Amino acid sequence: MKQTLGVCYYPEQWPEEMWAEDAARMKAAGLTWVRIGEFAWSRMEPKPGDLQLDWLDRAIDVLGSTGLKVILGTPTATPPRWMLDKHPDMLARGENGQLRKFGSRRHYCFSHAGYREECKRIATILGKRYGRSPHIHAWQIDNEYGCHDTAVSYSEHAEAGFRDWLAQRYQSTDALNRAWGNVFWSMEYADFDEIDMPNLTVTEANPAHRLDFQRYSSDQVVAFNKVQTDALRPLTDAPLVHNYMCRILSFDHFKVAADLDIASWDSYPLGYLLDRLGSTEEMKQRYARQGDPDAQPLHHDLYRAVGKGRMWVMEQQPGPVNWASWNPAPLPGMTRLWAWEAFAHGAEVVSYFRWRQAPFGQEQHHAGLLRPDSADAPALHAAKSVSEELEAFGPIETAQAPVVVLFDYDASWIYDIQPQGEDFSYFLLVLDTYRALRRAGLSIDIAPVDGDLSGYNLIMAPGLAVMSDALKARLAAHEGTVIIGPRAAAKTEHGAIPIPLPPSLPGLDVTVALTESVQPGSSRQLTDSGAFIKWAEDLEGRAETVITREDGVPALVRSGGLHYLGGWPDAEGFDRIIRHACTEAGLAYHRLPEGFRLRDTKTHRFGFNYAPEPVTWNGETLQPGDVRWWPLDAQD
Ligand code: GAL
């Protein structure tokens with residue numbers, strides 16, 4: 001499959017006279033796709049039942065007949081104002097119980113049945129009208145589930161739905177009381193209707209209660225999405241897509257994706273570096289105009305797994321954005337680098353957000369491919385040169401990586417609920433693991449806990465809170481190197497401490513006898529080099545020790561290829577562990593220049609320079625923001 005570029009466009013925001021020229025310029029820039037419609041409900045249906053789709057017919061026609069492939073969005077992330085008169089109780093409630101009002105977007109509660117019906121209705125109307133249109137080549141369902149902290153709502157509809165969900169899951173309050181450990185603090189229930197949502201409690205609510213509410217909320221996102229995919233499926237053969245985000249963990253993306261064909265995501269490297277990734281001040285300075293060298297790739301790999309191999313970037317940062325704490329312009333070359341990196345990680349499409357910068361509304365300071373006065377913005381030229389390079393390169397083929405990192409949303413919820421140390425974040429533990437692998441020049445896949453693990457030289461399972469016996473057995477039997485931990489297999493499915501104590505792995509005699517969180521500025525030193533930060537465990541047992549702490553406690557233990565890691569390593573510690581793993585697994589370990597990264601496809605090795613200084617690799621010098629590729633057979 002040939003990789004292509006696209007752009008997000010809002011015909012409803014511009015006079016109709018501009019559409020044809022816009023379309024022609026998109027085509028001339030080498031763009032293939034145009035995404036429209038996802039926020040246009042107030043124009044599609046200005047009053048309840050008053051459908052006004054003629055303009056959309058014409059917009060699709062202008063774009064499509066210019067040779068662009070249209071991705072049509074269902075407009076359900078922006079219910080118009082009249083929807084509130086029809087469904088006054090459809091707004092979400094925040095954890096503090098306050099209503100989240102009309103006046104921006106995503107102002108709906110996933111549990112509201114009436115709003116779900118409205119979404120089904122509009123999706124059906126659009127599906128009937130455009131499902132067989134030759135111009136519609138994909139659908140986007142809603143927009144960015146969970147954005148603006150919207151996956152979890154504490155409305156009365158959520159409460160009723162939660163009780164019902166619990167009753168179905170546990171069948172009896174006795175079973176629920178046992179599963180949650182409600183004898184603790186006399187929290188026992190005699191009826192499902194007595195169970196509230198876990199907000200506004202005096203001090204922290206029972207973690208099992210919170211975990212189930214989180215799981216319930218995630219299930220509502222899945223059900224909400226399915227209402228629309230069920231409506232559209234019979235009406236179209238075009239793929240159904242959702243655009244996920246950076247570090248949104250509030251719903252299980254693997255479950256949502258079960259009803260979709262492609263996972264796409266929205267990549268804004270500069271905003272994320274400042275506001276999403278817990279970056280150090282040093283990182284924020286060094287990579288301010290390039291973005292974190294590992295965060296986009298991590299999401300590409302994650303969403304490739306979520307999309308069962310099919311991944312797009314639906315929105316790509318084109319210049320300064322408007323929403324981060326500071327909004328610098330990307331270094332020249334970065335919009336090209338980001339696109340090539342996405343392709344090297346398996347993206348089929350990279351679509352820029354947005355076509356023309358809007359001079360009005362919340363995002364008026366957000367760059368586009370055009371300036372507000374329609375003159376070319378810098379990213380338009382970058383897009384054009386990427387499209388020419390793509391043409392020359394031909395199809396890019398993804399290969400299975402030698403390394404896989406297991407990823408689980410449930411683990412993130414469990415550790416958000418009981419982090420035990422203020423800076424313990426499952427996501428950041430995975431990111432640190434991923435970074436260490438990337439620093440060593442490795443290409444990485446990500447897989448869900450029930451994913452196919454065959455053929456991997458190295459499997460990493462950091463922080464995987466709940467591990468089924470079946471998964472433990474699979475990992476223990478894996479031919480290759482496996483590193484489990486820290487804080488893995490540490491919880492039961494109800495978020496309790498299992499007995500026998502963790503990790504209880506077949507064939508590996510190790511027990512986590514004590515866990516501690518380590519505050520910033522402190523560490524548990526490893527002998528020779530490196531340290532544990534944030535989290536450390538006292539390991540007991542007869543397993544062979546590979547790395548020891550200075551205080552004599554085993555840090556990394558093993559039996560054959562199966563390892564358990566008893567802490568959160570700093571960068572030095574991680575580098576040691578990955579070096580050991582590479583030796584064990586027979587993988588080449590590279591020491592890449594700082595900020596330089598590699599990624600292998602089936603045929604090529606790509607190199608990306610995120611560093612603000614030139615780097616030399618393979619005898620070639622790459623300027624900041626530069627990308628190179630080499631045929632794989634000439635690489636070690
Ligand atoms: C995304 C969103 C777009 C736009 C963009 C701005 O999160 O899907 O609609 O708001 O951010 O960067």
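Whatever order the structure lists them in is the order used to number ligands and atoms, beginning at 1. As the structure is a prediction and not an experimental result, all values here were calculated from the model. For the numbers below, each heavy atom of this structure counts, side chains included, while hydrogens, waters and symmetry mates do not. Throughout, numbering of the chain's residues begins at 1 and tracks the sequence.
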- Message: Between W82 and E45 (side chain of the first, backbone of the second, donor and acceptor by atom type, cut-off under 3.5 Å), is there such a pair?
- Response: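 Yes.
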Check ligand 1 for N or O atoms under 3.5 Å from a protein N or O and list each pair with its distance.
| from | atom 1 | to | atom 2 | distance (Å) |
| --- | --- | --- | --- | --- |
| ligand 1 | 7 (O) | E144 | OE1 | 2.5 |
| ligand 1 | 7 (O) | E144 | OE2 | 2.7 |
| ligand 1 | 8 (O) | N143 | ND2 | 3.0 |
| ligand 1 | 8 (O) | E144 | OE1 | 3.1 |
| ligand 1 | 8 (O) | E144 | OE2 | 3.1 |
| ligand 1 | 8 (O) | E315 | OE1 | 3.1 |
| ligand 1 | 8 (O) | E315 | OE2 | 2.8 |
| ligand 1 | 9 (O) | R105 | NH1 | 2.8 |
| ligand 1 | 10 (O) | R105 | NH1 | 3.3 |
| ligand 1 | 10 (O) | R105 | NH2 | 2.9 |
| ligand 1 | 10 (O) | E363 | OE1 | 3.4 |
| ligand 1 | 10 (O) | E363 | OE2 | 2.3 |
| ligand 1 | 12 (O) | W323 | NE1 | 2.8 |
| ligand 1 | 12 (O) | H366 | NE2 | 2.7 |

Looking at [X] and [Y], does any basic side-chain N land under 4.0 Å from a carboxylate oxygen?
X: E315; Y: R35; result: yes
X: D219; Y: K226; result: no
X: D85; Y: R81; result: yes
X: D230; Y: K120; result: no
X: D54; Y: R129; result: yes

